[in-house]
Every structure is written in structure tokens, then in C-alpha cells.
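Here the structure comes first, spelled out in C-alpha cells, and everything after it is commentary.
Since this is a predicted model, take the numbers as computed values, not measurements. We name chains A, B, ... by the order of the sequence lines, and we start the count at 1 in each one.
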4 protein chains.
Amino acid sequence: MSTSQKRGSSAEVAADRRKQILKAAVEVFAERGFHRSRVSDIAKRAGVAYGLIYHYFQSKDHVLNSVFEENWAVFLKVLSELKDNQELTAVGRLKSVADLFIDALQIAPATIQVIIQEVSRSDRFVESNKLDAFEDGFSGVCSIISEGQKTGEIRSDLDPMVGAYIFFGALEMVCTGFMLKRIQCSTTEEGSALKLTVYQMLLAGMQAEPAKDPQ
Amino acid sequence: MSTSQKRGSSAEVAADRRKQILKAAVEVFAERGFHRSRVSDIAKRAGVAYGLIYHYFQSKDHVLNSVFEENWAVFLKVLSELKDNQELTAVGRLKSVADLFIDALQIAPATIQVIIQEVSRSDRFVESNKLDAFEDGFSGVCSIISEGQKTGEIRSDLDPMVGAYIFFGALEMVCTGFMLKRIQCSTTEEGSALKLTVYQMLLAGMQAEPAKDPQ
Amino acid sequence: MSTSQKRGSSAEVAADRRKQILKAAVEVFAERGFHRSRVSDIAKRAGVAYGLIYHYFQSKDHVLNSVFEENWAVFLKVLSELKDNQELTAVGRLKSVADLFIDALQIAPATIQVIIQEVSRSDRFVESNKLDAFEDGFSGVCSIISEGQKTGEIRSDLDPMVGAYIFFGALEMVCTGFMLKRIQCSTTEEGSALKLTVYQMLLAGMQAEPAKDPQ
Amino acid sequence: MSTSQKRGSSAEVAADRRKQILKAAVEVFAERGFHRSRVSDIAKRAGVAYGLIYHYFQSKDHVLNSVFEENWAVFLKVLSELKDNQELTAVGRLKSVADLFIDALQIAPATIQVIIQEVSRSDRFVESNKLDAFEDGFSGVCSIISEGQKTGEIRSDLDPMVGAYIFFGALEMVCTGFMLKRIQCSTTEEGSALKLTVYQMLLAGMQAEPAKDPQ
DNA sequence: AATGAATGAGAGTTCATTCAT
DNA sequence: GATGAATGAACTCTCATTCAT
């Protein structure tokens, strides 16, 4: 009695345990992929008995869902704020989205990877609610592009939705390259260089000459 | 006993059966993902007994490998020819790569998807030989970009490898959008429009103004 | 700390808690069967934390044992008194046994059901001590039948043990029918009617004619 | 090559395997009870790998269902024929039902026990379709009793449904006693003696005197 | 006394792979 | 070549039980 009681209530401890398990799950999923990861792998990584995972999550699938919901939601929120931010130009807003992504990549690369690679593909044609949440991200970027086209900032001969897909695809593969250690962006300098390349390629184009009409 | 043997040698028939199974496998993998696909699903789709699959392939993994090797190899071959084709500018070569991809997407979208999504992720940290073959594709594009930088065609402040990743990422996500029916490119017109958007975004940039120095 | 302690000693409170848990257990076992009932189901029904059950009982099995012992013991005691009650005829004693059963059914149907259906089957070939206690019940009725045969009250061509099994089997299935809402005996009238049918069938026979020699 | 091919097609062999597994399942369920029986126990008893069980049955529950459906159905069919057999008196028909049961008990005691003890209780309040099939048996006997009451063969002060429950309850417990080795009926003589006791108790009554009005 | 987080043995089920026919 | 019955390793999930608080 009158022992430690380090800090916080049991509710806080429970929240910590949950986070601890989610963190371990993200790491394991990122390393081995969702299907190759066993629940016991997650437990081992988290340093708990695997039964405990079922105390906090209904199933292995629900663990993945939680990773998605609790992180993608944050991204969507920021995106939604950006979308309506009239202080920035459309291009500025797209840059901000890319920044958001690349910053997140530096802070929590495994989370980004799991979200993009596992969730978006896990039950591709089965549960579409996750897909819908995903689609929201594309729609947000699509809106920004459309608006930029109206203001003349962005070329009007682009299909905005294809633009959004290209935009995310580019960011995703950068993420994959990062996870595979083919792309470096751990330091601030590397991060800046990466952002620059992304900006150039997606916004300004690769070509050195301002020749604006390929095809 | 003493049945038909309809046409051709038994070797030809065997080759047909093999293709039949590979075709079914690609469809099933594209729909459900590799790990959620059962060998019996492939067999059912191919209209054969699942035991037969083991006459033509050592294992389920080998089926996926074959999908990869027999298709990516073709891509690599074309890419390798392009890389050294001095008749085209670097930008022209990149366009050709994109064309190759988008054409393949229209002809065999499921194959493209399986290659990109399943193979590249299947055994991420386990077998690296497939990854190496994958890397060859990135290297090819990376080379073209580098060369373009030397000739002054392509902006020199880009990281060529990051450029290659962005390039493939963009194409991959377009593929995903296509599979998810969010992007249309079934007709020739749609294909052309898609290519245009891809060219613009990756080569010329989204921005309408030739302002060449974002950041 | 220094909480209520509403009435009675802590021993009384403990006894109450025990009863409360046993009552909940009987209800849950009757509804879902022993094996499908979780300790947490019992706890939920009793309105306590499931850990508490282990303060009052060694294990889930012991809860079932307690249900049995503390109720069947009562029945055995009454049966034992009846067996030696020379004021009643053998038939009168059998009627009393049936009455005892049917009265109990009206008062505590779930308890009766759990005792008969779960205890008698739970560990059929594993622990025989419970089975022995069960057997005591059959023996008691068997004795009464034997004695009735000696006094000429009961037909001598019956096997007394088979008679006892038939006797209990009849009562048990009536219990099941009651639990399944197929047999009504909630009111006093229904109870009397039920008893009459039981008496007639088991003692006097179904047949209207006094033709005493079927075969 | 040119090996045994003992007898029958592969369809027959499959049917045999199914029966072999069902037989093993009945034995194991009868000995240990459904919930204490592991799928591997059934497999071991049947001499097959447990995976094979899932080749023939969807789940452990489906094995139990099959035991029920494929045996109770037979009983119901005979009962239904008996019910409408106008060549027999009501009492004669009830005797036939009892005979049917006791004969079955001698031929396949484990099957009878599993049907009565496991199926009827397994998912008591969950799946009612099995319960309905069960109820059909009670209804059949109930009908016979009602008819007997109309023709004056059977005492009119009995509740027919209660009568049916008593009837089956008696037979069931006889079955239990047999399984527990407390009741013998392996030989023809023992079987006849058992039938006699059942007839007497249920139809003629236990009492020696033709005193027809207890209570 | 009371709680419920934590544990892990145990059971059901899936499915890649083998092999007799 | 072709079939699908047979096998069993591997995995998810359940839940009785323990124990720190």
C-alpha cells in the first residue's frame, strides 16, 4: 500500500498500454507487412502477453483499423483546414500538403508506411469505409487543384483527380523508398532537399526549359 | 485414356495451361491481394483442380514470382533499350517510359497492379532478389534523369533517385486509381488524356506560369 | 474505507455475496449451459467484478459444484427421511418425491435444471463423486420401489432400478419442458394438474381400462 | 499401379470417410460430452488427420448437427408413419415408439445419447431449428396420446403434451442409465425385460392393484 | 473485500502442400 | 497430365485464473 502510483489514473495507464501496443503494431506491420505479422509478434514487441491485445482490441484487424483511424484522421483534419485556407495560393496549399507528408515521414515513417501500404490495400474490395476515408484525402487535394485551375494558377488541361492520384502516388513511393533506405531524409537538410525535389517535380516540372507544351 | 490431344504438341498444351493458371492468378491476386488469395481460388478461376497448379509451379510464392519475372522482365528489357536510345532526348525517353506504363495499364491492368502492389511488398525484408529486379527499374529511370541533367534538359537541383521514385509512385497510384475505378483510361481518348496529365505534372509541372523557382 | 457496512457482520455480508453469485450462476448456467457460460457472464449478472468470484469459489467448476451440493443435498435429505417414513405407503412416498420435485420446479426451476442437466453431465467419466451423490437419489427411489414390491403395492415384474431411472427421467424432461416454456406450471392449479398427470402416468398408467397385462 | 481398388468409386469412399468420422464423433461426444471433445479427439478416434474433418464438415458444430439430422430424421420418419397407422391402437403405437427407442438404444446407444443429451442442450436458446425438429418428436407422441384419449383408450385427465414429455424423459434417462452402465440391455432378454418395465410403468402403471384413482 | 488488467494454455480453423489414384 | 482427398503446421482468438493495487 502507498506504493508508487507513478502518475495518472488507471484510465491513463490503460491509454498508455493501448498506445504501447499500437506503437509495437505499427513497427511490426511496417517491417513484415500485416499478413506476415502474428499477433504474438506485436505482443512480443510491446512486451506484453498476446492475450492483452484482445483486451484493448477486438481483433488483429481492429489493431490495423485503429492505426489508420487514429492517424489518417489527423491528416484529414489538417488537410481540411488547408483546403479552406484562403491566405495561401493553391500551389502554396499543395506545398503544405507535401510538407505535411514529408514531415510526418520524418517523424513517424512506419506509421505512414503502414497506413499507405497495408490499410489502403488490406481489404481492397471488402470494406469500403476505409477506402472512403482514403478517398477523402484524394478529394481534398483534388479540390485544391480545381480551385487553382479556376484562379489560373494551375494548368487547366490537367484532370484534377488524376492530379491528386499522381500527387499522392509520388509521396507514397517516396515513403517506400525511405523505408527501403533508398531515400534519405533523416536530417533537416535531407528533408529540405527532398521537399525541393518534390516541389519541382510535381509543381514546376522536371524540365529545365520553360517549354510548357510537351506531347 | 487415348483421349483427344486436340491440337499441338503436349508441350504447347502445357504452356497453355501454365498461361491459363498465371492469368487466373493475376486476376485473383489483383482482386483479393496475394495473402488473401487461396491456391484453390486460383484453381477455381482457372477451371482446374488445385493440385494441378503444383505441376506447373513449385509453390504459391512461385506463381507470384512468375507473374513478376515474366512481365517485369519485359518492362526492364524495353526500359534498357530506351535508356541507351540516343535518338531520343531524356525527356522523350521518360515520356516513352510513362507511355509504356500507361499502355500496359490499358492492356493488362491487373498484371501491373499485382506487380507493383504485391511483388514489391510481398517479402519486403526477406528475399531481396525481387527487390533488386525492381530496383533495376528505378535505376533505369534514374539514369535517364541523370543524363538529362548532364545535357541540361532536366533541372540539376533534383535528386535523380528521388525523381525516379516520384515517377514510379505517380504511375503506380494512377494504376491503383484505375483499378478502383476512380480513374478512367479504357478508351484511346481517355488514355491520351491520362498521358497528357502525367506528362504535364511530372515533366512540365502543374503550374500554369513558367515561374521556375518555387520553394 | 470506513464505508457503510449496512447491516450485519462482515460474515453475513460475505454469505450474502456468495448467495448472490450462486444465484447469478444458476441463472446463467440455466440459460446458456455451463460450458458456454463465462465467469464474466456470472459476474455481470451478479453485478460484481469477476475477480471477486475467486474470493468465494476456487474455480468455475467449484461454483457448479456448490450449486449441486447445496441443493441436491437438501433433496437427498428429504428423500432419505421419506425412504424411512413408515407412515406412508410406497406409492405415497413416490408421490411425495414427485411432489418435492415439482414444487421445487415451481420455486427454483433454473436450479433444478442446472442440477439435472449440467451436473449430471459435466464430467461424466471424469469425477465420479458427484455422480455418486446423484446415484444416491436413484438408489433412494429404487429402495422405495423395492419395498413396495415386497409389500405387494407395486408390480413385482418391474426392475426397480429401471423404475427409478424412468421416474427421474420423467421428472427431468418435465423440467426441461417447463424451462422451454412448453409446459406450464407457474400457478397452483397448473402445478396440481401437472402432478396429477405425473401420478397417473407413472403410478396408475396411462391406460383407461384396468387391463393390467399389456405386453 | 493396378493396385487394390478394393470396392466402390471415390464418391463411395468419400461417403465412407464421412461415416467413419461421424461414427468416431458420436463415440467421442458420448464419452466426453460435446464441449469437452476436441476436434483432434474425433480425428484420432477416426484415425485421420484433423484437417480432414474440415473437408467433410464445416465446423465442429456441423459435425454434431449432422449426427442429429441424419439420425433423428430417421426416427421422425418412423414416428410419422406410426402416428397415422390405423391398424394399431394408440397404446400399441406408443409401445412401438418405445420399442423403436429401446431397439435403437441397443443398436446405437452412443448415437441416441448424443442426440438426446448434447443436441437437445447444446445451443438451447440459440438455434431453435434443431429444437423445432426435436419438438416434432414430442408433437408426434402428443398426437397419439390425444387420439387415444378420444377413443377412450387413454385416461382423459392427462395433459397430452406433459404425457409426451414424461414419455421421452423416461426413455432418455433409461438411455443415460444404460450409458452409465447402471442399466443393462445388451442381450435380447435384457432388452425385453427393459421394454416390459417401460410398458408397465408408462402404460399400465406401477401399482399392482387396479386402483385407478390415486391423488 | 473488491477490481479488472494481465497472463497463457488450449481449442478451432485455415490452407499450402503432398500424393495415391 | 489431372484430380481432390489427406495432412499438419501455423495462426487467431477465448477465457479461466492470477495478482497488483
Does anything in residues 43-55 of chain C reach DNA chain F, meaning a heavy atom under 4.0 Å, and if so which residues?
-> Tyr50(C), Tyr54(C)
From CD1 of Ile21(D) across to P of dT7(F) the rounded distance in Å is 9 Å
Enumerate the residue pairs fulfilling salt bridge (charged side-chain N to carboxylate O under 4.0 Å, His left out) with a member in residues 48-60 of chain D, sequence neighbours excluded, ordered by first and then second residue.
-> none
From Phe29(D) CZ over to Ile115(D) CD1, what is the distance, rounded to the nearest 0.5 angstrom?
-> 12.5 Å
CG-OH distance between Leu22(A) and Tyr56(A), expressed to the nearest 0.5 angstrom = 11.5 Å
How long is the line joining CZ of Arg36(C) and P of dC15(F), in whole Å?
-> 9 Å
Hey, does Asp61(D) have a side-chain heavy atom less than 4.5 Å from the side chain of Phe34(D)?
-> yes
Starting at the 5' end of DNA chain F and moving along, which residue's nearest nucleotide shows up first, Arg17(B) or Ser40(A)?
-> Arg17(B)
Decide yes or no for Arg36(D) and His35(C): does some side-chain heavy atom of the first lie under 4.5 Å from some side-chain heavy atom of the second?
-> yes
Quickly work out the Phe57(C) CZ to dT18(F) C1' distance and round it to whole Å.
-> 18 Å
Rounded to whole Å, the NZ-P distance (Lys60(D) to dT13(E)) equals 8 Å
Listed pairs under 3.5 Å, donor-acceptor, residues 46-55 of chain C side chains, sequence neighbours left out:
none

With sequence neighbours excluded, tell me which residues meet side-chain hydrogen bond (donor to acceptor under 3.5 Å, both in side chains) with Asn71(D).
-> none
Can you tell me the distance, in whole Å, between the CG atom of Asp61(B) and the C1' atom of dA16(E)?
-> 10 Å
Nearest whole angstrom, please: distance from the C1' of dA16(E) to the CD of Gln58(B).
-> 14 Å
Could you note down all residue pairs passing side-chain hydrogen bond (donor to acceptor under 3.5 Å, both in side chains) where residues 17-30 of chain B supplies at least one of them, sequence neighbours left out?
-> Arg17(B)-Gln20(B), Arg18(B)-Glu70(B), Lys23(B)-Glu27(B), Glu27(B)-Arg45(B)
Counting any heavy atom closer than 4.0 Å, what does Tyr56(D) reach on the DNA or RNA strands: base, sugar-phosphate only, or nothing?
-> sugar-phosphate
For Arg38(C) and dC13(F), what is the distance between atoms CZ and C1' respectively, to the nearest whole Å?
-> 12 Å
Pairs under 3.5 Å (Watson-Crick or G-U), crossing ones as [ ], inter-strand ones as |: DNA chain F comes out as .||||||||||||||||||||
Separation of atom NE2 in His35(B) from atom C1' in dT12(F), rounded to whole Å | 16 Å
Nearest-0.5 Å distance, CD1 of residue Ile42(A) to CG of residue Leu64(A) | 9.0 Å
